[in-house]
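Computation of the quantities below employed the complete heavy-atom set of this structure, encompassing side-chain atoms and omitting hydrogens, waters and symmetry-equivalent molecules. Each chain gets a letter, A, B and so on, in the order its sequence line appears, and its residues count up from 1.
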2 protein chains.
Amino acid sequence: MSPSFQADDPDVAEPLLEGNSESVADPSTEPREDDARARLLAAAGPVFARQGFDRATIREICGDAGVNIASVGYYFGDKLGLYREVFRAIRSKCQAAFQPQDAVELPPRQELFELVRHLLSRMLAPDDSGWESQLMMREMDNPTEIFSEMVEESIRPPFDRLVGALGALAPPQTPAHVVEHLALSVAGQIVYYRVGAGVIRRLIPAERLQQHFTLDQLARHITGVAIAAAEGGLALTHAAQFDAETQPNTTSDAHHSE
Amino acid sequence: MSPSFQADDPDVAEPLLEGNSESVADPSTEPREDDARARLLAAAGPVFARQGFDRATIREICGDAGVNIASVGYYFGDKLGLYREVFRAIRSKCQAAFQPQDAVELPPRQELFELVRHLLSRMLAPDDSGWESQLMMREMDNPTEIFSEMVEESIRPPFDRLVGALGALAPPQTPAHVVEHLALSVAGQIVYYRVGAGVIRRLIPAERLQQHFTLDQLARHITGVAIAAAEGGLALTHAAQFDAETQPNTTSDAHHSE
DNA sequence: AGGTGTTTTAAACATCCGTTTAAATCGTTG
DNA sequence: CAACGATTTAAACGGATGTTTAAAACACCT
């Protein structure tokens, strides 16, 4: 029978998975369920990240983990159970990285730079060590039932800190939605260096890529754009400098699909 | 035999697809190959965009088109041939939208705003009419053999115009790589409203979404950020205001994976 | 050792997909 | 009309995948 996640015995007592009854970790009843289970969990992350949920095959994951194909059914119920557990592991790591840091209280500009640099370093990490952000990206593109949990647990914390830093940077009476726009602008720029990595690699000459697209330079650029917009450029957004010429009907576009 | 993508000797039945000899388009030999073929092509786009290349099934496409399953093999050789042809149709439309417009010569700020608004309107279009951008996004995430062609034919033209507008907006001696960074920042913000649409929908309260996230407001915001950064904020990027405190060792991050 | 519950294994199952085949249908022409 | 090529159809093939099964291997305890 499966060890912990479900049990459908028809007549005997049924240890259902109401909450987590894994509080008792008696080493006698569960001597070492970690060996295969943990190896499976560790091997699944990179494969899911590289291939996506559908294209990733249980056979490849089990091959990497060195366990039998039936093990995923034995330990996680099915493929989606394994996927879900991979995200639970990520969530723990993300929460630990973003929540206990509010005791430091850096000045807003530096806080913003640290945030951008940290997030960007995750995005630009090579696949071996940076598979977590790639996995989250795949979940954004092809949402499963995990999606909403992932947003709340792994995306909202850094986003809230972004909003906090930008709110402290913007003029005092800045409305909330403007700060949110700014935060999304920063997030979009960061994410693009992962989503559009392939495009960028072909759009920018190779020499310039190697010379001017290092982690530090990109973080500095994004932070600079955000500060410029937050401190000085917000007035432009509300000024009617674009409206006058563009509202009635522009040159040719904006209705190619209606 | 297949009508257009292959044509071998008429006497021997050789269904091999060696190359494309689709030069002759005699209407007598091909009376109306448009009915099934065009319907297939029209139905394939949205399905490929919604599901991606792998998850999209020939059976669903043919079901939507109202043709038999074998038709895709008959008209396009195989699934990838159909995919390739869908992109060829997109390419034509994209080239027509961006190339012949350089005769207008708007002032840089307005040119930038028009560009942003145009691209954003493509990104935010609902799936029925905006499947083209979604398809390109899927190709960015899971590149096939089409990828490089797509970048050159469908992405570089608008990117070059972005670089042009931002270069005209920035101070005269601005180096090229800074302008490219700016262009990527704009592109990243635009793309994020499609890639991160699901995230944004959960991150921002619904009322604020409906009130402040219209196409025009987003275009205005992105343009404002770009102008603020291009005109005034570039000096910040090169100033060493972040370096002093952050170079040796910061607070806790940037080495969570080593 | 024998027995018991847990873990591992190899094999099979059912399903779905892309592709192919060979026959049927249709349209045009001699 | 009959014949021929172009198109369409239904059915099947081969392969891959997730899942299940039943037996084997194992660890532990009395």
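- Nearest to the side-chain atoms of B:Tyr75 among the listed nucleotides D:dT8, D:dA10, C:dT19 stands D:dT8.
- Residues A:Asp78 and A:Val72 form no side-chain contact, since every pair of their non-hydrogen atoms from C-beta on lies 4.5 Å or further apart.
- Rounded to whole angstrom, the span from the CD1 atom of A:Ile69 across to the P atom of D:dT21 amounts to 16 Å.
- Of the listed nucleotides (D:dG18, C:dG18, C:dT8), D:dG18 has the atom at the smallest distance from the side chain of A:Lys79.
- In terms of modelled atom types and a separation under 3.5 Å, the side chain of B:Ser129 and the main chain of B:Ala125 share no donor-acceptor contact.
- Put simply, the side chain of A:Ser185 never gets that close to the backbone of B:Gln189: no donor and acceptor are under 3.5 Å apart.
- For the segment residues 51-62 of chain A, the set of residues with a heavy atom within less than 4.0 Å of an atom of DNA chain D comprises A:Ala56, A:Thr57, A:Ile58, A:Arg59, in numerical order.
- Between the CG atom of A:Asp35 and the C1' atom of C:dT6 there is a distance of 14 Å, given to the nearest Å.
- Under 4.0 angstrom from either OP1 or OP2 of D:dA6 there lies no side-chain N or O belonging to B:Tyr74.
- Here the side chain of B:Ser71 pairs no donor or acceptor atom with the backbone of B:Tyr74 at under 3.5 angstrom.
- If you measure from atom CZ of A:Phe76 to atom P of D:dT20, you get 16 Å, rounded to the nearest angstrom.
- If you measure from atom CZ of A:Arg39 to atom P of C:dT7, you get 14 Å, rounded to the nearest angstrom.
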>> Please determine whether ring-ring contact (aromatic ring centres under 6.0 Å, His included) holds for the pair A:Tyr83 and A:Phe48, giving the CA-CA distance in whole Å, both sets of side-chain angles, and the decisive distance to 0.1 Å.
In response: CA-CA 8 Å; A:Tyr83 188 71; A:Phe48 277 136; 5.0 Å; yes
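- A distance-only check finds a donor-acceptor pair linking the side chain of B:Arg156 to the backbone of A:Arg202 [under 3.5 Å].
- Within the 4.0 Å cut-off from OP1 or OP2 of C:dA10, at least one side-chain nitrogen or oxygen of A:Asn68 is found.
- Between the CG atom of B:Asp78 and the C1' atom of C:dC17 there is a distance of 14 Å, given to the nearest Å.
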